[in-house]
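Some notes on the structure that comes next.
Every number for a ligand or one of its atoms is a count from 1 in the order of the listing.
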Amino acid sequence: HVNDNSRSRSPPLVTPAANPIVEGIPPPPSTATASLFEKPSSGTVPGLTPGATTDHERIFASNIAQAEQEQTGYPFPSTGELNNRLFTESEGNSPLWGATTSLNQPKPQAIPSPSPSILKHQDPRPVKETMSQLPAVPEHVSSYSRLRKASTASRKLSFSRAEWTIETAEQGNGGLRNAVRSATDAGVLDELMWVGTLGMPTDALEKYTRRDIAEKLEDEYGSLTVFVKDGDFDGHYTHFCKTILWPVFHYQIPDNPKSKAYEDHSWIYYVKLNQAFADRIAKHWKRGDSIWIQDYHLLLVPAMLRKLLPDAQIGFFLHIAFPSSEVFKCLAPRKELLEGMLGANLIGFQTDEYCRHFLQTCSRILCVEATPEGVQLEDRFVNVGTFPIGIDPTSWDKRRKAIDVERWVDTISERYQGKRLIVARDKIDSVRGIRQKLLSYELFLNTYPEWADKVVLIQVATSTTEQPELEATISDIAMRINSTHSTLAHQPLVFLKQDLAFPQYLALITIADALMITSLREGMNLTSHEFVYCQDGRCGDKGFGSLILSEFTGSASVFGDHALLVNPWDYRQCSEAIHTALTRGGEERKKIWEELHRAVLKNSTANWVKSFNETLSRVWNEQSSREIMAVPRLSVSRLTERYRQSKQRLMIVDYEGTLASWGSPRSIILTTPQRAITTLTDLTDDPNNIVYVMSSRMPEEMERLFRQVNNLGLIAENGCFVREPNCDSWTHLADKVHVKNWKASVSNILAYFQARVEGSWIEERHCSLVFHHGSAEDRHVAARSAAECAGNINDACANLDVHAVPVEGALIVETTHTNKASAAELVWKWVLAAAEKKEEAVKPDFLLVVGDNREDEPVFRWANKLQSSKAVDYAMTVTLGSRSTEAKATLTQGVTGVLSCLQQLAASNGQAKLPLR
Ligand SMILES: O=P(O)(O)OC[C@H]1O[C@H](O[C@H]2O[C@H](CO)[C@@H](O)[C@H](O)[C@H]2O)[C@H](O)[C@@H](O)[C@@H]1O
C-alpha cells in the first residue's frame, strides 16, 4: 500500500472493526472482563454465545428445550441439541453472510454502561499522581490488591506470549463486508485496503506482538490496524456509540433521570478514536487514493482527514438512520458531529428521508445553505446523496446450493409439516422491536384463535451485549404466549436466544411463509432482502412468502407497498398484517413477490459500491475544479488585451458587493458612488459595448440608482425583470400569478420567525420576500432562526418552485424558475437578434461577467458554457473574495479592484482616462 504509487483509486474502507481478527488469546488481565475471553467449551464454535447466562434465560431456554422434548415423535432436535449440532457443523467453515452477531473472537469490553474507571480519564494528571493523593489503603486491602496485581501480571505475561492466528471475524457490518467482497469479485474494486481496530483488547499485548499482528494483517490481509487503548475503545464504542449515538439516531432519546447519556465524559474517547483513525490513514495515504469512511462510529474522521489531507477524495456512508433535526438537536456535540461529517466530499445515506433530515439539520444547526444536492459551506461544497445498500444475489445463489441447506430445508419442513411459519431474526436491542412483535403476535393469536395450532413464529434473537431488562421483558411475553396458546402437540412460538448457523438460516427463510420485521427504526434491514431472494418458489410448494415490514426501516422505501408495511406500535395493524400474510392466495403472493424480487435485484451490493464510488470520484472532480485554490487571480492585462482585440462586447456586472459596497436595505436615498457611475459611463460610451448591471434590488430602485448612466441595461430582482439599454419598459420573467400564490403561503412562515427575532423585518419586493435580520439585537439567534426559517420554507414550499436563499444579513425567498442566468440568457438572445438586424452583423466576441456571491454563480456557469460550446470566442467570469466558485478568475481587492479593472478596459480603447495614481 505504502510503496505502490501506481494503484488505481479503489477506496480503503474504514470500519471500526477490521474483518480479519486475531484469535486464540488467553484471558486478558482484568478480572472484570476475563470471562468474556474464556475459551468456548468443546462442541461450540469459538465466540458463539455459549448458552444461557442469567436465571431468566436459563429458565426460558430449558423451558423451550423441555417443550420440544415433550413433543416426542418429531425428529427435530431440542434447542440445546440443535445448538450443539449447529456449532459442530459450522466448525471451520465460518458463515460468510450478512449481519451476523455471533462472535468467534474475544468480545470487546462491551458492557451496557461504562465502567466507573472511565471517569478517571477526565483527570488530566497521570494516574500515578492521582493515586498518590488517595488516602492510605488498609493493610489487608493492599495485600489483596498486591495479590491481584501479581495474578494480573502473570496473566498479562501469558497473554502477551500466547500463540495467535488470524481468523475471519463474524461480527461487524456483514452487509458492508459482503458488498465489498461482491464488488471486488465483480471487478468494480480492483485494489482496496481495510482500516480498523482489532475488535479485541490489546493493552496487554507486547509491543512486538502488536507489530507482528499489524504486519501480518497489512501484508496478507490488506488491512491496516488502528491500535487504541482498551479504555479508549470502551469509552468510544460501549459508551458514546452505543448509549448516545445509537439510541438518538434511532429516535430514542435517553431522557430518563438515571440516564448518563448526556454526560460528555465519553465524548473525549470518541474524539480520540476518530483521531487515531485519521492519523493512521493520513500516514498511509498516497495521491490518487480514495478514502471511504463507514458508519456512525467514525463521524469525525472526514473533517480530521480534511485537515491533514486537504485534497483527498473522502466519502462517508451512514449505515444507520439519520434522525429528524428535532431529535439530532438533543446531542450535545451536535455541531462537531455535523462538521465532522462535512469534511467528506460525498456523504451517502440509505434513504432519501435520511438525506433530507441531514440537509435540514445542517441548515438549521450550522446555518448553512442546503440544496437538494448538498451543503454549501463558505469555502467548499459537500455533495449528499442516497445509496441504498442491498445484498449480493450471485453469492446467495452459490450458497443456496450447499448440501447442508437442502438437508436443513428437509429437516425443518418435516418438523413443521402442515404448519405455517413466520420467521424473524433480530438483534436483542430495543430498536429492533422484538417486544412489539411478540405483543402483536399475541394479539393475533387472541384475535384469531383458529390459527393458534396452525402457525409458528420462529424468532431468532442474537445478542452481543447484555440487555437484562429487555431480555426479561421479552422472555415474559414469550412465556405467556406459549403457556396460553400451546397444546401438547403444538407450540406457537419458538424463541431462540442464539444465532443460527448459516445453512439453517438459509433453510429457514427459504421455507417460511412470512418474515416479520418490526424494527422501531433501522437504517436498512437486509434480512428482508435475503428473505425475498430465497422465496423464489424453488422449494416445492413453498415460496413467494409475504414480507411484513416496519415502515420505519430503510427497506420500506425500497419495497414500498409491495411489502405489508406496518407501524410496529400499532399492534392491531401488525396482527392484521399477519392474518393477511397467512391468508393471501397463491397467485396474489406470486405477483407481489415478483415486485419485491425486482427491488432486491435493482439494489445489488455491486451496484451500491459502484454507484457510490463513481459519484465520489465525479463530485470530487467537480468540487476540486471549483476550489478557490484552483481559481487563478484575474490577469487584468490579459483581459485588457482580449478586450482591445474584440469587436463587440457584452459585460454583465453585479451591483452590491461588486460595483459598490452593500448599502443599507432600508436606505431611502440610495446612491451609487460616483466612481461606479463614471466607470459605467465610460464603458457604455463605447458603441461596441453592451453593459448590464444586475441586482436583487427592485426595478424602481435600479432606475433611480443608475439614472445618470446612458445606454445601460438593467437586471432587477435577481433576474425577474430585465430592461434593455435605452428602453423605458421592463420585461417580466416571473409569472405574476405564481408569485402571488407562493407569497401567500410563505408570508405566514416569515411572519412567525420575524415575530421571534427582535429587530428583524420583512421586505416585500415584486417577486420576492426578504427576511432582513442583519440589524437584529442578537445576531447569533437571528442567524439561527433564519436558517430554521429557510429549512421550513424549503420543505413546505418545495413543490411550489420557491426557495429560500441565505445571503449576508438576510434570507431571500424567490421563485426557482428565474435567476440571474435566465435574465442573462434573454439578454444574449436580444444581443444576437440586434446583431442580425445590422448591415454588418457582428456577434459579440467578448463576454465578461463579474459578481461576488452565490446568486451570481448561475451566470458564471451560463457564460462558461457559452464559451465551451463556442457560442462566443472569449468569456471571462470573475468573482470577488475567497468563496468556492465556478468563476474562472478572482479579484481580491473588492469593489476597488473591480472598478479599476473596468476603468482600465475603458481606457484601453480611449474611452476613458485612467485616474492619476
Ligand atoms: O452494532 P455496531 O457494531 O455498532 O454496528 C451497527 C450495525 O451495523 C450493521 O447494520 C447497519 O448496516 C446495515 C447494512 O448497511 C443496515 O442494514 C442496518 O440497518 C444498519 O443498522 C450491522 O449489520 C448490525 O449488526 C450492527 O448492529
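Counting only heavy atoms from C-beta outward, the side chains of R521 and I320 never approach each other to under 4.5 Å.
Taking any N or O of H250, backbone or side chain, none lies under 3.5 Å from an N or O belonging to ligand 1. Between M524 and ligand 1, at least one pair of N/O atoms sits closer than 3.5 Å. Geometrically, ligand 1 and W246 share no nitrogen or oxygen pair separated by less than 3.5 Å.
Atom OG of S555 is separated from atom CZ of F531 by 13.0 Å, given to the nearest 0.5 angstrom. Going from atom CG of L470 over to atom OG of S475 covers 9.0 Å, rounded to the nearest 0.5 Å.
The contact set between ligand 1 and E522, taken as ligand atoms under 4.0 Å from a residue heavy atom, comprises 18 (C), 19 (O). Near N525, meaning under 4.0 Å from one of its heavy atoms, ligand 1 places the atoms 17 (O), 19 (O). Here is the list of ligand 1 atoms found below 4.0 Å of a heavy atom in Q350: 15 (O), 16 (C). Those atoms of ligand 1 that come under 4.0 Å of a heavy atom in G523, given as number and element, are 19 (O). Each of the following atoms of ligand 1 lies closer than 4.0 Å to a heavy atom of I320: 21 (O). Against a heavy-atom cut-off of under 4.0 Å, H319 is close to the following atoms of ligand 1: 11 (C), 12 (O), 14 (C), 15 (O), 20 (C). Ligand-side atoms of ligand 1 in range of Y237: 1 (O), 2 (P), 3 (O), 4 (O), range being under 4.0 angstrom from any heavy atom.
Distance alone, capped at 3.5 Å, places no donor-acceptor pair between the Q252 side chain and the W246 backbone.
For H239 and Y270, the gap between ring centers reaches or exceeds 6.0 Å. Ring centroids of F349 and F387 are separated by 6.0 Å or more, keeping the two rings apart.
Summarising the local packing, CG of D397 is surrounded by more than 12 heavy atoms from other residues, nucleotides or ligands at distances under 6.0 Å.
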